[in-house]
Amino acid sequence: MKYNGLRKYNTDNTPNETHKKIFEGRIKNSKFKKLFNYLYDSDITLKDLSERSGIALSKLSEMRRGADCTTSTLIKIRESLGVNMDKII
């Protein structure tokens, strides 16, 4: 996973703190911080989640920026990740 050319991990496999700060800035207005933190920690990109769940990448990006979504969208996400709802909301 990359943001602005930065790698999630340094060459010695330690977490890149700058990368994490950029990620946190991108989700600061999201109502679904648990979901996006889960994706980050699991190395799942929005593109991967879109392909798995059938939800448009643009909708996932909107959610990351703070948009609402329907219950059916959350159910699709939960099912595609194979996790309980408490992991994502």
Practice task
Look up atom CZ in Phe32 and atom CZ in Arg65, then write down how far apart they are to the nearest 0.5 Å.
Solution key: 13.5 Å
Completion exercise
CZ of Arg26 to CZ of Phe36, rounded to nearest 0.5 Å, is 12.0 Å
Handout entry: More than 12 heavy atoms from other groups under 6.0 Å of NZ on Lys87
Key = no
Completion exercise
Heavy-atom closest pair (Lys31 atom, Asp68 atom, distance to 0.1 Å) is NZ-OD1, 2.9 Å
Handout entry: Heavy-atom donor-acceptor pair, Asp12 side chain to Thr14 backbone, under 3.5 Å
Key = yes
Practice task
Enter the distance from Leu35:CG to Met63:CE here, rounded to the nearest 0.5 Å.
Solution key: 5.5 Å
Problem - Distance in Å, Glu62 CD paired with Ser30 OG, rounded so as to fall on 0.5 Å steps - result: 12.0 Å
Completion exercise
Taken to the nearest 0.5 Å, the spacing of Ile55 CD1 from Ser72 OG works out to 8.0 Å
Exercise for the section: Using modelled atom types only, decide if a donor and an acceptor are shared between the side chain of Ser42 and the backbone of Leu39 within a distance under 3.5 Å. Expected result: no
Completion exercise
Of all heavy-atom pairs linking Leu46 and Leu60, the shortest is O-CD1, 3.6 Å
Exercise for the section: Please indicate whether Lys21 has more than 12 foreign heavy atoms, meaning atoms of other residues, nucleotides or ligands, lying under 6.0 Å from its NZ. Expected result: no
Completion exercise
In short, side-chain hydrogen bond (donor to acceptor under 3.5 Å, both in side chains) pairs touching residues 47-61 with sequence neighbours left out are Thr45-Asp48
Problem - Minimum-distance pair of heavy atoms, taken over all atoms of Lys28 and Lys33 - result: O-NZ, 2.7 Å
Fill in the blank from the handout: The reported gap from CD1 in Ile88 to OH in Tyr38 (rounded to nearest 0.5 angstrom) is 9.5 Å
Practice task
Measure across Thr70 and Thr73 and return the closest heavy-atom pair with its distance rounded to 0.1 Å.
Solution key: OG1-OG1, 3.0 Å
Handout entry: Side-chain heavy atoms of Tyr9 within contact of His19, under 4.5 Å
Key = no
Completion exercise
Of all heavy-atom pairs linking Met85 and Arg78, the shortest is N-CD, 3.6 Å
Handout entry: Asn16 side-chain N/O to Thr18 backbone N/O, donor-acceptor pair under 3.5 Å
Key = yes
